[in-house]
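Per chain, numbering begins at 1; letters A, B, ... match sequence-line order.
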Amino acid sequence: MTNRQVADILNRIADILLIKDENPFKIKAYRNAAQAIYYLDEDVRLLYEKGKLEEIPGVGKAVREKIEEMLLTGQLAYYENLLQEVPTGVLDMLAIPGIGHKTVKLIYEKTGIASIDDLLKAAEEGRLRSIPGIGEKTEDNIKKGIAMLKQNSGKVNLGIALPLAEKFRDFLLADEKILNASIVGSLRRGKPLVRDIDILVAAYDYKAVHKRAEKFEEVKKIARKNRENVQGKLIYDIDFEIIIVPPEDYYHSLIWTTGSKAHRQVLLAGVDRKSLRGLNREEEVYAQLGIQYIPPELRENRGEIEKARLNLLPPLVEFGDIKGDLHVHSDWSDGGHDIEEMVSKARKKGYNYLAITDHSKSLPISGGLSEERLKAQGKVIDELNQKLNGFKVLKGIEVDILKDGSLDYGDEILENLDIVVASIHSHFKLDKEEQTRRIINAIKSNKVNIIGHLTGRLLNRRNGYELDIDSILKAAAAHKVALEINSHPERLDIDEETAMKAKEYGVKIAVSSDAHHREDLDLIRYGVINARRGWLTPDDIINTWPLDKLISFLNRD
DNA sequence: GCCGTTTTCGGCCCGACTGTTTTCAGTCG
């Protein structure tokens with residue numbers, strides 16, 4: 001069992017206890033333990049073997065015993081028993097935005113409805129409003145919430161799909177009969193949500209590929225296999241396909257299977273693929289076609305082929321270009337690590353600077369900082385900077401943009417910080433005009449450097465609020481305010497289209513992790529992928545710049 | 001269920017908004 005699977009079961013237990021109206025702190029304890037396991041940088045099995053499970057913060061005797069049982073037997077009696085009490089369909093209902101565990105429990109107990117589909121039917125037939133405590137609006141919100149869920153159902157985000165695909169690819173590559181392997185399809189192009197995982201392999205012996213694939217621990221089911229491919233399901237119900245080609249066909253097939261369909265149709269129109277056999281790199285295939293190499297993230301037929309024919313593709317930002325992270329939380333608010341631990345991880349990543357941007361006072365649940373605590377944090381950072389050689393910690397804040405567009409601190413507080421990220425965490429339902437005006441007000445304050453997660457979207461969970469993007473970009477350009485690409489795989493906000501547009505308006509971008517945990521600094525890779533899909537170069541991205549250039553930008557020099 | 005330099009029991013635990021009802025429960029970030 002992987003760390004992720006153990007964490008998933010602990011979370012599922014928490015869900016069931018929620019429906020059963022158990023002690024909230026007990027539920028929190030399971031969630032804490034799940035999170036701790038999820039974030040472990042070591043295999044939980046190794047810790048078990050060393051007898052160190054209880055050293056994980058949040059894991060005590062009870063959870064330790066449950067983890068041991070899961071590792072030894074692959075299942076957990078306590079969990080199986082709980083599942084007898086609460087059907088999984090009821091747990092699925094917890095994912096519906098707008099209703100919580102109390103409402104789910106109420107509906108289940110009063111009507112016996114135990115699946116999202118039955119719930120939708122009941123809502124459409126107006127049967128829910130007769131339940132005491134549920135009215136027309138809640139019924140309406142349930143319908144909307146389910147529609148939202150269904151909109152992307154079957155797709156998973158990059159944060160789930162990419163690590164799983166990489167693990168699968170590496171597992172395949174470890175077989176000597178598999179001569180080459182690459183992730184392909186929309187996942188290779190870096191789309192934020194993907195329907196399946198496709199892997200292209202080069203091999204003469206297709207049966208060896210079948211055999212190897214069947215052995216991968218996270219394969220749940222093989223649906224079909226033949227000379228050309230293996231198809232089936234992975235954990236989380238993600239479909240996969242392994243496409244098998246002989247080595248001489250590997251590189252042109254890489255282009256074919258990476259897509260997009262529109263890209264390859266234009267690129268390979270009138271080309272006999274046989275003429276592309278026997279090449280040794282993907283770059284050689286493009287060279288043979290007489291055009292510049294096109295990185296996978298650009299292959300969407302959005303003008304990249306025309307540009308490549310003229311050798312005019314921009315030098316896209318790369319992971320190694322990132323010199324620092326400008327949106328990071330610490331344990332001063334809702335982060336999991338202290339400032340020094342975050343700095344240490346940032347240095348390991350080869351960064352030169354890191355901005356600590358905890359939450360402001362309007363977010364008490366997230367431990368938002370009072371003016372006094374913010375000042376105290378500033379002192380700690382000053383002292384830390386004295387000790388650091390060749391590394392700078394920037395004093396920052398993720399300040400809340402309040403309902404009217406004013407900021408959560410006065411000017412005198414914000415002026416004393418190195419960097420101000422401003423974000424919306426409340427009043428998501430304002431209409432387009434009000435929400436746009438609100439953000440533009442924040443931009444016009446001249447106290448803000450970066451607007452965090454502009455649209456508030458949560459992939460698969462919540463649509464972003466509607467905004468007049470052009471007006472916002474105009475204001476941001478005029479006031480030297482950058483927009484964030486929030487790298488969290490559930491956000492990737494702003495999206496690639498807005499990033500492209502920002503560039504047209506001359507608005508700079510910060511690719512930030514929004515890390516709440518040391519390991520979250522690694523999420524930046526998803527933001528970089530997103531930036532590449534938006535055609536961005538290092539010049540467009542302020543945290544690829546050296547510190548002095550960044551500081552002049554922050555000071556609006 | 002976890003935790004502990006105010007320690008082995010009692011604390012953990014915010015506050016605004018929404019929706020359903022008339023004074024509060026549920027949801028969310």
Side-chain angles (χ1 to χ4, degrees), chain A residues 9-37 53-67 76 78-79 82 93-110 123 128-145 148 329 333-336 358-370 373 398-404 408 423-430 434 452-453 455-458 461-465 486 488 490-491 493 514 516:
Chain A
I9 290 185
L10 294 175
N11 259 324
R12 210 67 173 158
I13 290 172
D15 286 343
I16 300 173
L17 298 180
L18 203 54
I19 297 284
K20 282 165 57 81
D21 243 347
E22 282 267 5
N23 175 1
F25 300 107
K26 182 173 169 179
I27 296 166
K28 191 80 195 332
Y30 274 100
R31 298 241 189 259
N32 286 342
Q35 188 169 351
I37 304 288
L53 283 179
E54 267 189 66
E55 287 179 22
I56 303 169
V59 175
K61 182 165 177 283
V63 172
R64 188 206 76 217
E65 286 173 354
K66 291 185 175 71
I67 296 172
L76 179 61
Y78 175 68
Y79 175 57
L82 284 175
M93 286 156 58
L94 289 172
I96 302 167
I99 62 171
H101 66 278
K102 300 267 186 185
T103 308
V104 169
K105 180 177 155 77
L106 178 71
I107 292 172
Y108 175 53
E109 283 176 350
K110 294 282 179 197
L128 298 178
R129 65 185 73 173
S130 58
I131 301 170
I134 293 181
E136 237 177 284
K137 286 196 173 170
T138 301
E139 199 174 61
D140 212 41
N141 283 338
I142 288 173
K143 278 189 271 183
K144 282 186 197 148
M148 168 77 222
H329 296 272
S333 67
D334 59 350
D358 277 308
H359 288 290
S360 66
K361 63 185 182 204
S362 281
L363 269 183
I365 183 65
S366 301
L369 302 180
S370 63
R373 292 209 352 113
E398 181 181 15
V399 65
D400 256 66
I401 303 175
L402 306 178
K403 190 177 178 186
D404 61 357
D408 199 14
S423 311
I424 283 177
H425 293 109
S426 60
H427 301 100
F428 298 111
K429 288 182 179 164
L430 298 184
E434 275 183 289
H453 46 72
T455 75
R457 76 169 181 180
L458 291 175
R461 278 207 287 152
R462 182 175 81 200
N463 287 325
Y465 22 86
N486 188 296
H488 195 288
E490 280 201 323
R491 290 193 184 270
D493 184 12
D514 197 357
H516 284 73

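- Using a cutoff of 4.0 Å between basic side-chain nitrogens and carboxylate oxygens, A/R31 and A/D15 are scored as salt-bridged.
- Summary of the strand contacts: A/K403 and A/E136 both lie near DNA chain B, and taking for each the nucleotide with the nearest heavy atom, the more 5' one is attributed to A/K403.
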Using atom names, set out every protein N or O paired with an N or O of nucleotides 27-29 of chain B below 3.5 Å, distance rounded to 0.1 Å.
| residue | atom | partner | partner atom | Å |
| --- | --- | --- | --- | --- |
| B/dT27 | OP1 | A/G100 | N | 2.3 |
| B/dT27 | OP1 | A/G100 | O | 3.2 |
| B/dT27 | OP1 | A/T103 | N | 3.3 |
| B/dT27 | OP1 | A/T103 | OG1 | 2.4 |
| B/dT27 | OP2 | A/K102 | N | 3.2 |
| B/dT27 | O5' | A/G100 | N | 3.2 |
| B/dC28 | OP1 | A/G98 | N | 2.7 |
| B/dG29 | OP1 | A/R462 | NH1 | 2.3 |

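- Note: CD (A/E22) to C1' (B/dC2) measures 15 Å, nearest angstrom.
- When ring centroids are compared, A/H425 and A/H359 come within the 6.0 Å threshold.
- Within the 4.5 Å cutoff, the side chain of A/R491 has no heavy atoms near those of the A/R457 side chain.
- Heavy atoms only, all atoms of each residue included: A/I107 and A/M93 are closest at CG2-CE, 4.5 Å.
- A/E139 comes within 4.0 angstrom of no nucleic acid atom, judged by non-hydrogen atoms across all strands.
- Across all strands shown, A/K66 has heavy atoms under 4.0 Å from sugar-phosphate atoms exclusively, and none from any base.
- Within 4.0 Å (heavy atoms only), A/P24 reaches no atom of the nucleic acid at all.
- No contact: A/K28 has no heavy atom under 4.0 Å from any strand.
- Side-chain polar atoms of A/N486 and A/D514 form a donor-acceptor pair below 3.5 angstrom.
- Among residues two or more places apart in sequence or in another chain, the side chain to side chain donor-acceptor pair (under 3.5 Å) test is passed with A/K361 by A/E371.
- If you check every strand for non-hydrogen atoms under 4.0 Å, A/N141 touches sugar and phosphate atoms only.
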